[in-house]
> 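Handing you a structure now.
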Amino acid sequence: MMMGKTCSKTTPSNLLVKRGERQKARNTPAGKETNAPLGVFVLEYDASNEDIEKTRNWKPIIKIAVSGAAGMISNHLLFKIASGEVFGPDQPVALRLLGSERSQVALEGVAMELEDCLFPLLREVDLGIDAKKVFEDADWALLIGAKPRGPGMERGDLLEMNGGLFAEQGKALNEVAKKTCKVMVVGNPCNTNALICMANAPNLDRRNFHALTRLDENRAKCQLALKAGVFYETVSNVTIWGNHSTTQVPDFVNAKIGGERCTDVIDDQTWLENDFTPAIQTRGGLLIKKWGRSSAASTAVSIADAMKALVTPTKEGDWFSSAVITDGNPYGIEEGLVFSMPCRSKGDGSYEIVEGLKINDWLRERIKKSEEELSNERNCVSHLMGVEGASCVILEDTLLPGEM
Ligand code: LMR
């Protein structure tokens, strides 16, 4: 069906409820309340009303599933995706929003706002609370929802609790998502959650799983630019190595500013090692202290950046950071971990790890520490990955940026 924006919305239906079970669709154009168990509205446009000239060159619609869809991060991200900012002006999108029993009504509010934006490229919005329905035929799964660490909760408890969620979502993706589905894990601890999800989704290519470290890269670029007194667009080749935790390594050794080596432009090794590095490692925590909640807008922007990085050819000579599977990596990092490394893409959704970065002793020592941390995290959740008997040791300094 050729897509195009019209105002002729057909009868609302509930794509996420099995056919035959469709009843009491939630869409209430006049704002009427219903008691339908899943809030769902679907925008279906009448093809006969399409402006063919406008939509002739549009690509086939893609389905983007988002968990934690009623949360703060999604509240920024969904509108960026629906506006065409991520996939371009010729890519119609269907959004499939996953919430929980608790967030169901809030999700309907999000959907109402999406409706009210009149985004031409937004062709469909479905809401649901069952991952197996929401992930059906997904081209992308953005796994944002995760529980925050509660008072008195050990880090092992957090790994266990969120790990269970990501195991379930992995199974759902395995069963119903497209085999080519790209999975971006944001819910913390994101590297290990991505690993659990991947282990439970053997039908999907392991290389299509990412954990978000683009936020850390963006943070690093900004701080380097501020120190050098240049605009941040001139900062390139910034790698975040390792875990999205306080052991992450923002690499100033290989970074460039205005095409020059960062260490030549910022001739202050003490600042780079003792100020810049911990500032990036702990920035999420500082932000929580100041704002009273976890980063939301900047995380959403960085998710959009991370997706764009995969669907746009990487600039010659540059790279981006993403936490990806270490299998066959050129840096000798233990295999079977989701570890942030320098990547580049041809723009087809896939990526390759950039080889040949200089790893000096300073970097090596810190990269090793992050690797050990991730290896320990994996041991602690191995039962969620179908492996029994690994010993779980949580290092004292194993922290999310927000746990400082
Ligand atoms: C961030 O880096 O801002 C977040 O991951 C912090 C957190 O722990 O939620």
Side-chain angles (χ1 to χ4, degrees), residues 66-77 80 103 142-163 165-166 183-197 209-224 238-251 276-307 320-323 338-340 366 370 373-374 377 380-381 394-404:
V66 183
S67 78
M72 292 286 289
I73 297 172
S74 298
N75 201 252
H76 294 275
L77 179 64
K80 294 171 90 58
S103 68
L142 311 177
L143 305 185
I144 297 171
K147 296 212 169 100
R149 183 163 163 172
M153 197 184 276
E154 298 296 329
R155 182 171 174 84
D157 299 335
L158 182 75
L159 277 169
E160 183 70 30
M161 182 175 65
N162 281 331
L165 183 73
F166 283 85
V183 184
M184 180 82 61
V185 178
V186 180
N188 278 319
C190 61
N191 297 55
T192 297
N193 287 341
L195 193 64
I196 295 168
C197 191
F209 286 78
H210 297 259
L212 185 78
T213 52
R214 181 58 182 253
L215 175 59
D216 308 296
E217 176 188 324
N218 289 355
R219 288 169 170 167
K221 281 180 167 163
C222 186
Q223 295 312 307
L224 291 175
V238 173
T239 310
I240 301 295
W241 296 95
N243 200 0
H244 175 65
S245 78
T246 51
T247 66
Q248 68 176 266
V249 189
D251 178 349
F276 166 74
T277 300
I280 303 310
Q281 290 168 328
T282 61
R283 192 166 173 87
L286 181 61
L287 193 131
I288 290 174
K289 267 193 200 135
K290 287 181 185 286
W291 200 40
R293 59 180 94 149
S294 203
S295 57
S298 57
T299 302
V301 168
S302 71
I303 298 169
D305 287 345
M307 294 167 80
F320 58 88
S321 301
S322 190
V338 171
F339 197 90
S340 186
R366 282 156 187 82
S370 208
E373 177 182 63
L374 279 169
E377 285 190 15
C380 292
V381 298
I394 301 283
L395 300 178
E396 238 177 72
D397 58 0
T398 301
L399 292 171
L400 296 173
E403 291 174 337
M404 290 300 289

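When a ligand or atom number is given, it counts from 1 through the structure's own listing order. Bear in mind that the values here come from a model prediction, so they are computed numbers and not experimental data.
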> I'd like to check which ligand 1 atoms, numbered from 1 as shown, lie under 4.0 Å from a non-hydrogen atom of His244.
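Those of ligand 1 that fall under 4.0 Å from His244 are 1 (C), 2 (O), 4 (C), 5 (O).
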> Keeping the roles fixed (side chain from Asn243, backbone from Leu374), state whether a donor-acceptor pair exists under 3.5 Å.
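Such a contact is absent between Asn243 side chain and Leu374 backbone.
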> Taking only heavy atoms of Arg219, which atoms of ligand 1 are found under 4.0 Å from at least one of them?
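The atoms of ligand 1 under 4.0 Å from a heavy atom of Arg219 are 1 (C), 2 (O), 3 (O).
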> Can you name the side chain to side chain donor-acceptor pair (under 3.5 Å) partners of Ser67, sequence neighbours left out?
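Partners of Ser67 under the side chain to side chain donor-acceptor pair (under 3.5 Å) test: none.
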> Would you mind running through ligand 1 and noting each atom that sits below 4.0 Å from a heavy atom of Ser295?
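What qualifies from ligand 1 is 1 (C), 3 (O).
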> I need the single residue from Leu142, Ile144, Leu143 that forms a side chain to side chain contact (heavy atoms under 4.5 Å, CB included) with Met184. Which is it?
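Answer after filtering Leu142, Ile144, Leu143: Leu142.
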> Any nitrogen or oxygen of Asn188, side chain or backbone, less than 3.5 Å from one on ligand 1?
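Such a contact does occur with ligand 1.
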> I need the atoms of ligand 1 closer than 4.0 Å to a non-hydrogen atom of Ser294, numbered in the order shown.
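The list of qualifying atoms is 4 (C), 6 (C), 7 (C), 9 (O).
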> What are the two closest heavy atoms between Ala146 and Gly187, and how far apart are they?
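Closest approach of Ala146 to Gly187: CB-CA, 3.6 Å.
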> How would you list, by chain and number, every residue that makes a side chain to side chain contact (heavy atoms under 4.5 Å, CB included) with Thr277, sequence neighbours excluded?
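Per chain and number, Thr277 pairs via side chain to side chain contact (heavy atoms under 4.5 Å, CB included) with Pro250, Phe252, Gln281, Trp362.
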> Quick check on contacts: which atoms of ligand 1 are under 4.0 angstrom from a heavy atom of Gly284?
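Per the distance check, 1 (C), 2 (O), 3 (O).
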